[in-house]
Amino acid sequence: MSKLSEMIKELCPDGVEYKKLGEIAHYAKDRIKISDIDARNYVGVEHLRQNTEGREMSVTLPEVDFVISFYPEDILIGNIRPYLKKAWLADCNGGTNGDVLTIRIVDKMYVSPQYLFYILSSEQFFMYDMKYAKGAKMPRGDKKAVMNYAIPVPPLAIQNEIVKLLDNFTELTAELTAELQLRKKQYSFYRDSLLNFSRDDAEVEWKTLGETTKSISSGKNKIRVVDGEYPVYGSTGIIGYCTNFVYEHAQILVARVGSVGYVQIADGRYDVSDNTLIVDVLSTINMKYIFYYLGYMNLSRLAHGAGQPLITAGQLKKLIIPIPPLEKQAKIVSILDRFDALCHDLTQGLPAEIAARKKQYEYYREKLLTFPRKDA
């Protein structure tokens, strides 16, 4: 950071010029035949990951003759729902659609593509983009407004130094994320090994889930009160807060609709939304053992219905569950708890470290990309 400060002091002591994006870049207009690309290098808005975390591989191509062509170092920005913060610095040739803004730099000796990508993946840019977006349910960015966004353009040497500093943050986060994915694979392996019981195991009883619970019922809450004291659990976690709690003991929750089959545990004082099933386990069985086993079963496979697939309490009650002795249940829970904390707990382990690195990166990105205006 001291080197960068010295460079700024030497190369732009009176501030930095700001240019409209449209003065240094333009939207790609050339087209490519859909037959000249394949699914691997087609990138629609649905393939861009949220929070500028790259892109996913497509498996199909759109049924059109031509798509917008992009090249390495073009910047692709999702133009639908800008608050999702979708941006990707292209590393290949390919094609995209009209829901993606394909931004191409005019002179790369004046503006570094990596530097501009960091500018256009910043919180300030997406806040600006949302300010001018049109539409309520599916807001769409204003292409003209985007090209009017003011970009600080320090000398190229300073841009490159900023890119180097920010790349260090992103590379470390990428390494931690790769390690987390490895840990998740290990977690799945051990979970599957621990919960794969043989019917010939004399110690294991096989019961329906209904026999292991006091009840399986649906939540009732339909109101989301954001300023209440007690959390309301929905199909993906806490979705709001209410002023009165209904439950005050730990229970397993299973998403009935929405993120069908998602399993979580609610504890403390809380309420449950009507899109979620409440599994109240008998005190004679380790609740967390049942929680882990339901996750192992991949309950989403039970979903049925065309318009809005769902699962029912009746389906859950009929599920056959292996019940080993309590001592073994506790041992399994102890092992999986450690893996679960390492892979999913935002207060410790790799998720916490990744979250801390991302906050650090975001802080320094905003700090490094903020310059005093020349002749301001």
Side-chain angles (χ1 to χ4, degrees), residues 8 11-12 14-32 43-45 47-48 51-52 54-55 66-135 138-163 166 365-376:
I8 292 173
L11 298 176
C12 43
D14 300 323
V16 169
E17 281 190 318
Y18 276 67
K19 298 285 186 180
K20 291 181 180 179
L21 179 59
E23 296 180 272
I24 60 176
H26 60 84
Y27 293 126
K29 296 180 180 178
D30 42 323
R31 301 292 188 266
I32 187 171
V43 183
V45 69
H47 306 122
L48 294 174
N51 300 313
T52 67
R55 60 110 171 189
F66 292 88
V67 290
I68 298 168
S69 177
F70 67 79
Y71 303 122
E73 297 188 329
D74 284 350
I75 298 167
L76 276 62
I77 297 176
N79 199 39
I80 294 178
R81 296 187 291 179
Y83 57 83
L84 294 178
K85 304 174 187 175
K86 294 185 172 186
W88 175 58
L89 182 63
D91 57 9
C92 63
N93 295 323
T96 185
N97 59 33
D99 292 330
V100 175
L101 305 180
T102 304
I103 296 171
R104 186 166 297 157
I105 293 172
V106 174
D107 182 359
K108 294 179 183 177
M109 295 304 294
Y110 181 59
V111 179
S112 157
Q114 291 87 351
Y115 171 78
L116 184 59
F117 172 74
Y118 280 127
I119 291 279
L120 297 181
S121 59
S122 68
E123 186 70 23
Q124 283 92 336
F125 170 73
F126 285 112
M127 287 175 64
Y128 172 91
D129 200 6
M130 270 304 298
K131 178 181 176 182
Y132 293 97
K134 300 174 182 177
M138 190 76 73
R140 185 181 294 267
D142 185 311
K143 292 184 178 181
K144 185 176 180 181
V146 167
M147 280 297 167
N148 285 330
Y149 186 67
I151 308 289
V153 188
L156 195 62
I158 291 176
Q159 295 178 38
N160 291 336
E161 182 65 20
I162 290 171
V163 167
L166 292 177
R365 180 183 62 193
E366 309 310 321
K367 189 176 178 67
L368 290 169
L369 298 176
T370 302
F371 297 90
R373 284 178 180 265
K374 191 173 184 178
D375 300 326

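FYI, side chains are in, hydrogens and waters are out, and symmetry mates aren't considered; it's all heavy atoms of this structure. Residue numbers run from 1 in the order of the sequence given.
Between atom CG of residue L21 and atom CG of residue L101 there is a gap of 9.5 Å, rounded to the nearest 0.5 Å. Expressed to the nearest 0.5 Å, how far CD1 of I105 lies from NE2 of H26 amounts to 10.0 Å. Atom CZ of F125 sits about 9.0 Å away from atom CG of L116, to the nearest 0.5 Å. Once rounded to the nearest 0.5 Å, the distance linking CG of L369 with CG of L166 reads 6.0 Å. Here the CD1-CD distance, from I8 to E161, works out to 9.5 Å after rounding to the nearest 0.5 Å.
Y110 places no side-chain N or O within donor-acceptor distance of the main-chain N or O of P155, the cut-off being under 3.5 Å. Of the possible polar contacts, one joining the Y27 side chain to the K143 backbone as a donor-acceptor pair under 3.5 Å is found. A distance-only check finds a donor-acceptor pair linking the side chain of Q159 to the backbone of S112 [under 3.5 Å]. When atom types are taken as modelled, the side chain of E17 and the backbone of I151 share no donor-acceptor pair closer than 3.5 angstrom. A donor-acceptor pair under 3.5 Å is absent between the side-chain atoms of N160 and the main chain of A157, judged by distance alone.
Between V146 and D142 there is no side-chain heavy-atom pair separated by less than 4.5 Å. Counting heavy atoms from C-beta outward, D30 and Y71 have side chains that approach closer than 4.5 Å. Using a 4.5 Å heavy-atom cutoff, the side chains of I77 and I75 are in contact. Taking 4.5 Å as the limit, every side-chain heavy atom of L156 sits out of range of all side-chain heavy atoms of Y115. Residues M138 and I80 meet the side-chain proximity criterion, which asks for heavy atoms closer than 4.5 Å. With contacts defined as side-chain heavy-atom distances shorter than 4.5 Å, the pair K86/R81 does not qualify. Residues K108 and P113 have side chains in contact (heavy-atom distance under 4.5 Å, counting atoms from C-beta outward). Between E73 and Q114 there is a side-chain heavy-atom pair separated by less than 4.5 Å.
Under the salt bridge (charged side-chain N to carboxylate O under 4.0 Å, His left out) criterion, D129 pairs with no residue, sequence neighbours left out. Residues forming a ring pair (Phe, Tyr, Trp, His ring centres under 6.0 Å) with F126 (at least two apart in sequence, or on another chain): none. Every residue meeting the salt bridge (charged side-chain N to carboxylate O under 4.0 Å, His left out) condition with R140, not counting sequence neighbours, appears here in chain and number order: D99. With sequence neighbours excluded, the residues satisfying ring pair (Phe, Tyr, Trp, His ring centres under 6.0 Å) with F70 are W88. By the ring pair (Phe, Tyr, Trp, His ring centres under 6.0 Å) test, Y132 is found to be paired with Y128, residues two or more places apart in sequence or in another chain being considered.
M127 CE: 12 or fewer foreign heavy atoms inside a 6.0 Å radius.
In this structure, R373 is positioned above the aromatic face of Y18, its NZ or CZ under 6.0 Å from the six-membered ring centre and within 45° of the axis.
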If you look only at distance, which donor and acceptor atoms sit under 3.5 Å apart when one is on a side chain in residues 89-96 and the other is two or more places apart or in another chain?
{"unit_1": "T96", "atom_1": "OG1", "unit_2": "V43", "atom_2": "O", "d": "2.6"}

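Between F371 and I162, the shortest heavy-atom distance links the atoms CZ-CD1, 3.5 Å. When all heavy atoms of P139 and P82 are compared, the closest pair comes out as O-CD, 3.7 Å. Of all heavy-atom pairs between G44 and V100, the closest is C-CG2, 3.9 Å. The shortest heavy-atom contact between S69 and R104 is O-NH2, 3.3 Å. In terms of heavy-atom proximity, N79 sits nearest to V45 at N-CG2, 4.4 Å. Contact detail for S121 and T52: the closest heavy-atom pair is CB-CG2, 3.4 Å.
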- Task: Carefully, step by step, assess I24 and V106 under the rule side chain to side chain contact (heavy atoms under 4.5 Å, CB included).
- Result: CA-CA 6 Å; I24 60 176; V106 174; 6.0 Å; no
- side chain to side chain contact (heavy atoms under 4.5 Å, CB included) assessment of N97 paired with V67: CA-CA 6 Å; N97 59 33; V67 290; 5.7 Å; no
